[in-house]
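Written below as structure tokens is the structure these notes are about.
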Amino acid sequence: MGKRRPLVAGNWKMNGTRAESAALLDGIKKGVSASSKAEVVVCPPFILIALVAEKLAGSPVAWGGQNLSVHKSGAYTGEISGPMLKDYGCTYVIVGHSERRTLYGENDVFVAEKYGAAQATGLMPILCIGESLHERESGQTEAVVARQLDVVLDKHGIGSFKTAVIAYEPVWAIGTGKTATPAQAQEVHRFIRQRLASRDKTVSESLRILYGGSMKGSNARELLAQADIDGGLIGGASLQADEFLTICRAAD
Ligand code: 13P
């Protein structure tokens with residue numbers, strides 16, 4: 001870590017009633033101070049964003065969406081746009097999460113459009129990339145991650161990564177309890193940074209690359225100690241305040 005400000009983002013996925021979320025937010029707020037080194041973000045389901053905005057206003061914790069439409073407004077039933085997220089105080093938005101890619105058919109080109117739509121609205125995209133188990137076992141990890149990155153690079157340029165975050169989430173580690181080893185994660189993080197450095201070293205050095213996939217209080221420290229791991233994108237463990245705060249402290 002070192003030169004880059006660590007970032008810990010909670011992806012709540014499709015979880016939480018209003019009451020559960022309010023209690024979770026109270027717990028998180030207690031453990032994050034303005035002087036914390038790590039930046040802390042929560043990404044609730046759309047319907048809870050108003051509540052989150054109300055609860056977190058004036059706190060050092062930021063919030064974001066889990067997805068956005070490529071359109072600004074119009075006849076797109078069921079969709080939520082970047083300007084709508086912005087209107088509710090979001091500063092981040094997750095783009096191309098593997099669940100969106102695999103369950104909702106979002107391909108690389110569509111994900112790149114969403115990345116552009118986020119930036120056009122002034123939202124910081126958290127671009128998720130990562131290989132499946134089959135891809136890893138057949139030695140395609142680097143090729144897959146490179147392809148996912150290059151589509152965004154070719155469409156929006158290396159300069160766009162000044163206002164973006166990447167999350168490397170090996171699909172086989174998501175929600176499985178099977179975390180990548182620190183060495184496995186570091187290897188891919190370094191690959192990602194080197195690929196971007198070949199276009200612009202300064203941008204690559206300042207870019208934050210988060211690890212995601214079964215990160216929890218007990219394994220965060222050794223993952224975050226790796227040179228190219230700048231934080232975490234946390235699923236299950238972000239739903240418990242104490243667990244999430246343990247990760248935030250490890251990132252400090
Ligand atoms: P888990 O932490 O539950 O494995 O989920 C990771 C993830 O998908 C975060 O976006």
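Heads up: numbering here begins at 1 and tracks the sequence. Read the numbers this way: they start at 1 and go in the same order the structure lists the ligands and their atoms. No experiment lies behind these values; they were computed from the predicted model shown. The figures that follow rest on heavy atoms only: side chains count, while hydrogens, waters and symmetry mates do not.
When heavy-atom distances to ligand 1 are checked against a 4.0 Å cut-off, Cys128 has no atom that comes that close, whether in backbone or side chain. Heavy atoms of His97 found under 4.0 angstrom from ligand 1 belong exclusively to the side chain. Proximity of Asn11 to ligand 1, defined as any heavy-atom pair under 4.0 Å, is confined to the side chain (atoms from C-beta onward).
Side chains of Ile158 and Ser160 form no contact here, defined as non-hydrogen atoms less than 4.5 Å apart. Using a 4.5 Å heavy-atom threshold, the side chains of Lys114 and Val152 count as separate.
A salt bridge does not link Arg101 with Glu106: every distance from a Lys NZ or Arg NE/NH1/NH2 to an Asp or Glu carboxylate oxygen is 4.0 Å or more. Between Asp230 and Arg5 there is no salt bridge, since none of the side-chain N atoms of the basic residue sits less than 4.0 Å from a carboxylate O of the acidic one.
For Phe161 and Tyr115, the ring centers are positioned less than 6.0 Å apart.
Polar contact with ligand 1: absent for Ala237 (N/O pair, distance under 3.5 Å).
Using the six-membered ring where Trp is involved, Tyr76 and His71 have ring planes that are parallel, under 30° apart on the 30 and 60° scheme.
Here atom 9 (C) of ligand 1 lies nearest to Glu169 when heavy atoms of Glu169, Glu99, Lys13 are compared.
Atoms of ligand 1 lying under 4.0 Å from any heavy atom of Ala173, numbered from 1 in the order shown and given with element: 4 (O). Atoms of ligand 1 found under 4.0 Å from any heavy atom of Gly236 (numbered from 1 in listed order, with element): 1 (P), 2 (O), 3 (O). Atom numbering of ligand 1 starts at 1 in the shown order; those under 4.0 Å from a heavy atom of Gly213 are 4 (O), 6 (C).
Looking only at heavy atoms of the protein, atom 2 (O) of ligand 1 is closest to Gly235 N, 2.9 Å.
There is no side-chain donor-acceptor pair under 3.5 Å between Gln66 and Trp12.
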